[in-house]
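Reviewing the structure listed below.
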Amino acid sequence: MHADAVRENSEGRKLVLVFFGSPNRDGTTAKLLNEFLKPLEGNTRIETVSAYERNIAPCIACNACVGEERCSQPDFDDIDALIRAADVIVVATPVYNLGLPAPLKAIVDRTQRYFAARFSLGIRDPIEKHKLAAVLVTCGSKDCEGAEIIARQLKLAFSAVNTSLAGMAVWPGTDFDEGRETFEKARNSARELALAIECEL
């Protein structure tokens, strides 16, 4: 998968790397993600890492990355390669207990290797290629506090992988009838964000 992604990227097609945090392939998060991706289809190559399907191991604080630029757990190696090749990173996730679902949180926590490269090994840019990021969040609750917390978590992780957050689209109240009404606003927000990113590519 990584070799194909890098090959396509080298031929001029921008690589959009999606981290999908929902266990439901056809749920509200997938629906919002699909709306975001529509303006980008055809002009980019889209690679999706499904957190629940990949089941990446959590960071075990072994400190291997403190001594050299690597991770002791090889299950992240292909994701690392995709992060390095990507032009855009998209995180699409529901809110679980005011935060990220555990499988996606494990992936985010594994970016510790890039913090260690910068602050322990003195590598100024562990990820050389600058990227743009989009965050798409669905909330069962009408309260968007969880989306704000997720954005803060991801901004910190993005800072370690040379990535600037271009924007966020939130679909609140999905557990209520009002969720159907608010989807139109969330869809428009997601599409506008995608078009803005496309202009920057």
Side-chain angles (χ1 to χ4, degrees), residues 1 5 14-56 76 78-79 82-83 85-111 131-158 161 163-175 179-180 182-198 200-201:
M1 178 174 66
K14 302 296 185 178
L15 176 59
V16 177
L17 175 59
V18 177
F19 290 102
F20 184 66
S22 173
N24 189 342
R25 291 185 183 184
D26 302 313
T28 54
T29 302
K31 190 173 181 180
L32 185 59
L33 174 62
N34 289 338
E35 293 298 327
F36 172 86
L37 292 176
K38 281 179 182 177
L40 300 175
E41 291 172 352
N43 298 324
T44 61
R45 178 173 177 83
I46 299 168
E47 293 283 349
T48 300
V49 174
S50 175
Y52 277 84
E53 292 178 8
R54 287 298 305 272
N55 195 27
I56 295 296
F76 195 79
D78 65 323
I79 294 177
L82 285 169
I83 289 173
D87 298 282
V88 178
I89 294 177
V90 181
V91 178
T93 182
V95 174
Y96 279 16
N97 292 304
L98 293 180
L100 296 164
L104 182 56
K105 182 63 162 54
I107 291 175
V108 172
D109 287 348
R110 292 287 291 276
T111 61
K131 309 161 198 314
L132 295 174
V135 177
L136 313 174
V137 181
T138 56
C139 315
S141 169
K142 301 172 188 177
D143 185 345
C144 294
E145 183 181 3
E148 295 167 3
I149 292 172
I150 285 173
R152 289 180 62 190
Q153 291 176 323
L154 292 176
K155 281 181 182 178
L156 185 61
F158 290 153
V161 294
T163 299
S164 301
L165 179 59
M168 181 169 65
V170 181
W171 181 6
T174 59
D175 287 349
R180 298 186 184 93
T182 56
F183 172 63
E184 187 69 23
K185 182 178 179 180
R187 181 184 69 175
N188 292 340
S189 177
R191 287 189 173 185
E192 288 172 6
L193 177 56
L195 289 170
I197 288 176
E198 185 179 35
E200 294 291 327
L201 293 178

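The model shown is predicted, which means the values in this text are computed figures rather than measured ones. Because only heavy atoms are used, hydrogens play no part in the values below, and waters and symmetry mates are left out as well, while side chains stay in.
The two atoms that bring Met168 and Ala147 nearest to each other are SD-O, 3.9 Å, heavy atoms only. Counting all heavy atoms, side chain and backbone alike, Leu195 lies closest to Pro39 at CD2-CB, 3.7 Å. Between Ala133 and Ile197 the shortest heavy-atom distance is O-CD1, 4.3 Å. Taking both residues in full, the closest heavy atoms of Cys144 and Val170 are given as SG-CG1, 4.0 Å, listed atom of the first, atom of the second, then distance. Residue Ala86 comes nearest to Leu17 through the heavy atom pair CB-CB, 3.9 Å, listed as atom of the first residue, atom of the second, then distance. For Thr111 against Ala157, the heavy-atom pair with the smallest separation is OG1-CB, 3.9 Å.
Looking at heavy atoms from C-beta onward, Phe158 lies in side-chain contact with Val135 at the 4.5 angstrom threshold. Residues Gln153 and Val108 fail the side-chain proximity criterion, which asks for heavy atoms closer than 4.5 Å. Side chains of Val18 and Leu33 form a contact here, defined as non-hydrogen atoms less than 4.5 Å apart. At a threshold of 4.5 Å between non-hydrogen side-chain atoms, the residues Pro101 and Pro94 count as touching. Proximity of Asp78 to Arg54: side-chain heavy atoms (C-beta onward) are separated by under 4.5 Å at one or more points.
Tested against Trp171 for a side chain to side chain donor-acceptor pair (under 3.5 Å), the candidates Thr29, Thr182, Thr138 yield a single pass: Thr182.
Expressed to the nearest 0.5 Å, how far CG of Asp26 lies from CG of Asn24 amounts to 6.0 Å. Rounding to the nearest 0.5 Å gives a distance of 9.5 Å between CG of Leu37 and CG of Leu32. For the atom pair Leu40 CG and Arg191 CZ, the distance stands at 11.5 Å (nearest 0.5 Å). The distance from atom OG1 of Thr93 to atom CG of Leu100, rounded to the nearest 0.5 Å, is 5.0 Å. From Cys139, atom SG reaches atom CD of Glu148 across 9.0 Å, with rounding to the nearest 0.5 Å. Going from atom CG of Leu136 over to atom CZ of Phe19 covers 13.5 Å, rounded to the nearest 0.5 Å.
In Lys105, the NZ atom is not crowded: 12 or fewer heavy atoms of neighbouring residues, nucleotides or ligands sit closer than 6.0 Å.
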- Task: Mind running side-chain contact (heavy atoms from CB on, under 4.5 Å) on Ile107 and Val49 for me, showing each step along the way?
- Result: CA-CA 10 Å; Ile107 291 175; Val49 174; 4.2 Å; yes
- Query: Between Val95 and Ile150, does a side-chain contact (heavy atoms from CB on, under 4.5 Å) hold up when you go through it step by step?
  - Reply: CA-CA 8 Å; Val95 174; Ile150 285 173; 3.9 Å; yes
- Message: Test side-chain contact (heavy atoms from CB on, under 4.5 Å) on Phe20 and Leu104; report intermediate values, then the result.
- Response: CA-CA 8 Å; Phe20 184 66; Leu104 182 56; over 6 Å; no
- Task: Give the intermediate values and the outcome of side-chain contact (heavy atoms from CB on, under 4.5 Å) for residues Lys185 and Asn188.
- Result: CA-CA 5 Å; Lys185 182 178 179 180; Asn188 292 340; 5.8 Å; no
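Taking 4.0 Å as the cut-off between side-chain N and carboxylate O, Lys14 and Glu200 do not count as a salt-bridged pair. Look at Glu41 and Lys38 and you find no salt bridge, because none of the NZ, NE, NH1 or NH2 atoms lies under 4.0 Å from a carboxylate O.
Distance alone, capped at 3.5 Å, is enough to place a donor-acceptor pair between the Asp87 side chain and the Leu15 backbone.
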